[in-house]
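Chain A is the first sequence line, chain B the second, and so forth, proteins listed ahead of strands; every chain is numbered from 1.
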Amino acid sequence: MNYWLFKSEPDEYSIDDLKNEARGWEIWDGIRNYQARNILRDQVASGDQVFFYHSSCKQVGIAGIMTVVRAGYPDPAQFDETSRYYDVKASLDSPRWFSVDVAFKEKFDDLILLKDIKRNPALVNMALVNQSRLSIQPVTPIEWQAVLAMRA
DNA sequence: GCCAACGTTGGC
DNA sequence: GCCAACGTTGGC
């Protein structure tokens, strides 16, 4: 079982949106970066635990936890001409982009703020701090525990 | 809204 | 294959 961090702009899709999904899960789609794609396609497995990170908003930080309920499969949006994520170069035979399905697990009482993560000596090597533009990124078990220890 | 970091595109 | 131009991400 591995740990990850997925970013989303809460104005687009927040942890509350996931919590309120009637069916209990949602597809994590629209990832259009090759490094992130490779992680989704090759590494993310059902049962993995994921931090839900709110980016590009007033309060940036980790909002809670979700669980992967389906491992990587071709992102349907790349084949949908009406989607903003449509990719003319993708085909069913050779899909370019991948999605996973995620389920809500937990919302933290308070956001764990990026500025506090940056101040935590145990987290100076976290990808979130050093590779700030990657929207799907690995979290080590030690980092996972260090973040959980920051909960109010 | 600004801008630094960095990923992608395309001409050569 | 290099690299300049351009586009996007994302914190502030």
Side-chain angles (χ1 to χ4, degrees), chain A residues 2-21 26-44 48-68 71-102 104-140 142-152:
Chain A
N2 287 308
Y3 298 107
W4 311 99
L5 180 147
F6 293 0
K7 294 180 184 174
S8 180
E9 300 186 16
D11 292 343
E12 294 278 328
Y13 192 79
S14 74
I15 192 159
D16 289 320
D17 293 325
L18 180 59
K19 187 178 182 179
N20 293 331
E21 292 290 348
E26 180 58 299
I27 179 173
W28 201 270
D29 63 357
I31 300 300
R32 296 292 180 269
N33 166 284
Y34 287 106
Q35 199 176 345
R37 185 280 308 267
N38 292 346
I39 293 171
L40 289 178
R41 186 189 58 193
D42 304 333
Q43 294 186 257
V44 177
D48 285 358
Q49 302 288 102
V50 183
F51 284 138
F52 195 131
Y53 180 83
H54 283 180
S55 69
S56 297
C57 56
K58 275 191 176 175
Q59 296 268 85
V60 297
I62 297 171
I65 300 173
M66 48 193 166
T67 304
V68 177
Y73 62 98
D75 182 347
Q78 69 193 305
F79 310 122
D80 177 1
E81 288 185 42
T82 66
S83 169
R84 60 192 276 218
Y85 298 120
Y86 177 68
D87 187 338
V88 69
K89 294 177 182 168
S91 67
L92 287 168
D93 285 345
S94 62
R96 289 181 109 190
W97 308 112
F98 284 74
S99 295
V100 298
D101 291 346
V102 290
F104 174 82
K105 182 173 183 190
E106 176 184 350
K107 179 184 176 184
F108 298 150
D109 291 337
D110 296 296
L111 214 64
I112 298 173
L113 297 172
L114 177 62
K115 68 177 170 65
D116 294 327
I117 291 170
K118 284 179 172 174
R119 273 204 289 262
N120 186 335
L123 297 173
V124 290
N125 292 319
M126 202 173 172
L128 183 66
V129 176
N130 296 298
Q131 226 181 329
S132 61
R133 296 187 60 210
L134 191 58
S135 59
I136 301 287
Q137 49 182 259
V139 175
T140 69
I142 289 171
E143 289 164 351
W144 183 270
Q145 293 303 328
V147 169
L148 291 185
M150 294 174 71
R151 283 180 292 185

Between Phe52(A) and Trp28(A), what is the ring plane arrangement, given parallel below 30°, perpendicular above 60°, and tilted in between?
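Correct class here is perpendicular.
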Protein proximity profile, nucleotides 2-12 of chain C - base contact B, sugar-phosphate-only contact S, no contact -, cut-off 4.0 Å on heavy atoms:
-----BBBBSS
Are the ring centres of Tyr85(A) and Trp97(A) closer than 6.0 Å?
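Aromatic pair excluded; centres sit 6.0 Å or further apart.
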Carboxylate-amine/guanidinium proximity below 4.0 Å for Arg119(A) and Asp116(A):
yes
Residue that, paired with Trp4(A), satisfies side chain to side chain contact (heavy atoms under 4.5 Å, CB included) out of Val44(A), Val139(A), Val100(A), Val102(A):
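Looking at Val44(A), Val139(A), Val100(A), Val102(A), the match for Trp4(A) under the side chain to side chain contact (heavy atoms under 4.5 Å, CB included) is Val44(A).
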When the axes are fitted on five pairs at both termini, how much does the helix from dG1(B)-dC12(C) to dC12(B)-dG1(C) curve, in 10° steps?
10°
With Asp75(A) as partner, the option from Arg37(A), Arg96(A), Arg32(A) fulfilling salt bridge (Lys or Arg N to Asp or Glu O under 4.0 Å) is Arg32(A)
Donor-acceptor pairs are to be reported for all side-chain atoms of residues 142-152 of chain A against protein atoms at under 3.5 Å, with residues two or more places apart or in another chain.
{"from": "Glu143(A)", "atom 1": "OE1", "to": "Thr140(A)", "atom 2": "N", "distance (Å)": "3.0"}
{"from": "Glu143(A)", "atom 1": "OE1", "to": "Thr140(A)", "atom 2": "OG1", "distance (Å)": "3.4"}
{"from": "Arg151(A)", "atom 1": "NE", "to": "Leu148(A)", "atom 2": "O", "distance (Å)": "3.1"}
{"from": "Arg151(A)", "atom 1": "NH1", "to": "Glu106(A)", "atom 2": "OE2", "distance (Å)": "2.9"}

Asp48(A) and Gln43(A): which non-hydrogen atoms are nearest, and at how many Å?
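What the structure gives for the nearest pair is OD2-O, 3.9 Å.
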